K.L.:
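Below is one structure. I have some questions about it.
Everything quoted here is computed from the prediction, not taken from an experiment. Naming convention: chains lettered A, B, ... in sequence-line order (proteins, then strands); numbering from 1 in each chain.
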Amino acid sequence: MNVLELAEKLNLKVISGNEGLSNEITGGYASDLLSDVIGHADAGNIWITLQTHKNVMAIASLKDLAAVVFVNNLQPEDDMADQSNEENIPVLVSSDPAFTINGKIYQLIN
Amino acid sequence: MFMNFEFNVEGGNFTKAGTASSQVKKILKQLNVDSKVIKRVVVALYEAEVNIVAHAWSGKALINISTDRIDLKLTDEGPGIPDIELAMQQGYSTASSAVREMGFGAGMGLSNIKNNCDELEITSEVGIGTVVQMAIYLNTK
């Protein structure tokens, strides 16, 4: 499943990184600790988090992640969207809290 | 093949954290280095870079790529590490609360480094700075 299909099925708002909407999703990783993500996420994962600063994009890029999903309607900090566009890694926003959106994504991609 | 690269790492500036790692990743990709090796380099270098940003005042990353190994040496001017053994323990961190709120400072950085290096040596002098030397072999199989 690619990022656009997932966003449409789960009603996620695409904030930035439109060029990356065709990125294929291989799995997911949910964490708010950056070292946990850099150490354990795999290429192609969709990352669910409440961290909304620029370093999230740096990590998503270094790990070749498919997309980033913010929980609870959180919005990205200003400079983050720019980097998302440059890296072609979409930032999506969910109105659900982490547990709920993690469950929905898990069901959809497994 | 024998190549050297040097990057400055700015202490305290989180907007630039990961710049060296990103550049090195691009270089290694261009050199067709095995993707598993690139992944290990990226994790180890990013963590070492972030440690300088989070704890030190300034630093630099020296990257040496040869036919059989990649050597990464990160040298900083900073507070130093009084007890390296303690700092190596998973979960131990001296990061500020502001840094922790960003999701850094979970005390996982040095274990990530250890897990992704074939050689690791850390030397430090309190009040002067820290040197982290890492090596990742290119032909592990």
K.L.:
Can you find a side-chain donor-acceptor pair between A/Ser35 and B/Glu47 that sits under 3.5 Å?
P.N.:
yes
K.L.:
For B/Lys29, is it the side chain, the backbone, both, or neither that has a heavy atom closer than 4.5 Å to a heavy atom of chain A?
P.N.:
side chain
K.L.:
Of the backbone (N, CA, C, O) and the side chain (C-beta and beyond), which part of B/Phe14 lies under 4.5 Å from a heavy atom of chain A, both, or neither?
P.N.:
both
K.L.:
Is it true that the side chains of A/Asn85 and A/Ser16 contain a donor and an acceptor less than 3.5 Å apart?
P.N.:
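There is no such pair (donor and acceptor under 3.5 Å, judged by atom type) between the side chains of A/Asn85 and A/Ser16.
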K.L.:
Only heavy atoms, only distances under 4.5 angstrom. Which residues in residues 71-97 of chain B are near chain A?
P.N.:
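Under the 4.5 Å heavy-atom cut-off, nothing qualifies.
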K.L.:
Look at A/Asp64 together with B/Lys25 and state whether they make a salt bridge at an N to O cut-off of under 4.0 Å.
P.N.:
yes
K.L.:
Is it the backbone or the side chain of A/Asp36 that comes under 4.5 Å from a heavy atom of chain B, or both, or neither?
P.N.:
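The answer is both parts of A/Asp36.
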K.L.:
Which one of A/Ile48, A/Thr52, A/Leu92 satisfies the side-chain contact (heavy atoms from CB on, under 4.5 Å) criterion with A/Phe70?
P.N.:
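Of the listed options, the one satisfying the test is A/Thr52.
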K.L.:
By a 4.5 Å heavy-atom criterion (distance strictly below it), what part of A/Leu50 contacts chain B: side chain, backbone, both, or neither?
P.N.:
neither
K.L.:
As an exercise, state the distance from CH2 of A/Trp47 to CE of A/Met57, rounded to the nearest 0.5 Å.
P.N.:
9.0 Å
K.L.:
Pick out which of A/Gln83, A/Glu87, A/Glu86 makes a side-chain hydrogen bond (donor to acceptor under 3.5 Å, both in side chains) with A/Ser61.
P.N.:
A/Glu87
K.L.:
Can A/Thr100 and A/Asn102 be said to form a side chain to side chain donor-acceptor pair (under 3.5 Å), step by step?
P.N.:
CA-CA 5 Å; A/Thr100 310; A/Asn102 284 335; over 6 Å; no
K.L.:
So which atom in B/Ala48 and which in B/Ile113 form the shortest heavy-atom distance, rounded to 0.1 Å?
P.N.:
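Closest approach of B/Ala48 to B/Ile113: N-CD1, 3.8 Å.
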